[in-house]
Protein chains: 2
Amino acid sequence: MNIKDVSERTKLPAKTIRYYEDIGLITPARGENGYRKFSENDLHKLAFVGRARHLGFSIEDCRNLLALWGDNGRSSADVRAIAQSHLEQIEAKLRELAEMRDTLARLVHCCAGDNRPDCPILEDLAKTHI
Amino acid sequence: MNIKDVSERTKLPAKTIRYYEDIGLITPARGENGYRKFSENDLHKLAFVGRARHLGFSIEDCRNLLALWGDNGRSSADVRAIAQSHLEQIEAKLRELAEMRDTLARLVHCCAGDNRPDCPILEDLAKTHI
DNA sequence: GTTGAGCTTCCAGTAACTGGAAGCCCTATA
DNA sequence: TATAGGGCTTCCAGTTACTGGAAGCTCAAC
């Protein structure tokens with residue numbers, strides 16, 4: 001299968017698929033013309049990575065998850081550790097963003113948003129702590 | 001004031017301060033020796049940017065907010081628009097991350113995390129939709 | 001005078017792509 | 001058979017907001 005079909009079936013941009021080859025996540029075969037020839041296994045790996053990326057796993061996590069996926073002697077503990085650590089990072093990010101949201105929502109709410117210059121948002125940003 | 005003192009007072013790394021000069025957020029004076037000489041105004045701008053960055057505003061947003069801050073003829077509506085748009089992006093990101101967290105938490109919870117290979121996390125990632 | 005800290009610039013690297021240019025290859029149609 | 005188009009290739013550069021590191025000048029203290 002050529003890259004365009006793979007792109008359509010995996011919903012990954014062709015550029016991204018080439019990039020994933022570049023960094024060694026997949027190694028599709030090549031035809032005589034130099035075109036990439038994707039196997040079903042390549043397809044499955046790409047779909048796997050696509051889903052992992054969708055869950056926010058880093059490329060390095062994806063690489064490790066792929067390796068574990070292909071390793072029948074794996075321990076589920078290793079997979080869980082990666083997912084658990086990622087989950088914790090997401091939770092930390094969520095807390096950070098929620099705090100930003102709260103502050104911003106309050107500020108936006110307090111700002112008249114008219115043609116006058118007075119603005120609690122700027123006042124807050126300028127609040128001097130130095 | 002030299003860069004190290006500014007760095008301590010604004011809590012911004014010296015590298016970051018130089019970078020902010022590079023991209024034109026501030027333009028500190030220079031001494032005869034070539035050292036940057038920061039004014040109180042530079043300090044305030046840096047603190048302002050630091051706080052805006054802390055709230056997740058992009059550098060370009062910071063640039064625009066700084067300009068509005070220094071413009072006495074501004075309309076608070078312009079400030080509010082920037083903050084509102086940023087708030088919406090944060091809320092979108094929050095929704096995305098919350099979804100990731102929910103899925104991940106469920107998967108991590110279902111995974112035994114022992115020395116056996118069976119793993120619902122991998123199974124989920126491998127769920128073929130292609 | 002020398003040492004060590006502080007300052008300078010410049011280059012490269014980060015994460016994960018994405019856009020674009022230059023140039024083959026393949027297929028269909030006139 | 002010539003050509004037009006779309007698909008494929010590689011390679012280079014740009015994105016965001018810094019950060020690390022090297023080479024080298026400056027300053028203050030002893």
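Chain letters run A, B, ... following the sequence lines, proteins first and then strands; every chain starts at 1.
- In this structure, Glu60(A) places its CD atom 11 Å from P of dT14(C), rounding to the nearest Å.
- In this structure the side chain of Leu125(A) reaches within 4.5 angstrom of the side chain of Leu55(B), judged on heavy atoms.
- Looking at Ser75(B) and Asp114(A), their side chains never bring a donor and an acceptor atom within 3.5 Å of each other.
- Of the residues in residues 7-32 of chain B, those lying under 4.0 Å from DNA chain D by heavy-atom distance are Pro13(B), Lys15(B), Thr16(B), Tyr19(B), Tyr20(B).
- Residue Arg36(A) has its side chain nearest to dT9(D) when only dC7(C), dA17(D), dT9(D) are considered.
- A distance of 11.5 Å separates CG in Asn2(B) from CD in Glu8(B), rounded to the nearest 0.5 Å.
- Listed candidates were dC8(D), dC18(D), dC27(D). Nearest to the side chain of Tyr35(A) is dC8(D).
- Counting only heavy atoms from C-beta on, Lys4(A) has its side chain closest to dC8(D) among dA17(D), dC8(D), dT9(D).
- To the nearest angstrom, P of dC26(C) lies 10 Å from CG of Asn2(A).
- Contact of the Ser7(A) side chain with the Leu12(A) side chain is not registered, since no non-hydrogen atoms from C-beta on lie closer than 4.5 Å.
- Rounded to whole Å, the distance from CE on Met1(B) to P on dC7(C) is 12 Å.
- In this structure, Asn33(B) reaches the dC27(D) phosphate: one of its side-chain N or O atoms is under 4.0 Å from OP1 or OP2.
- Salt bridge status for Asp124(B) with Lys127(B): present, with a side-chain N to carboxylate O gap under 4.0 Å.
- In this structure, the CD1 atom of Ile3(B) is 19 Å from the P atom of dA5(C), given to the nearest Å.
- Of the two residues near DNA chain D, Phe57(B) and Asp5(A), the one whose nearest nucleotide lies more 5' is Asp5(A).
- Under the 4.5 Å side-chain criterion, counting only non-hydrogen atoms from C-beta, Leu104(B) is in contact with Phe57(A).
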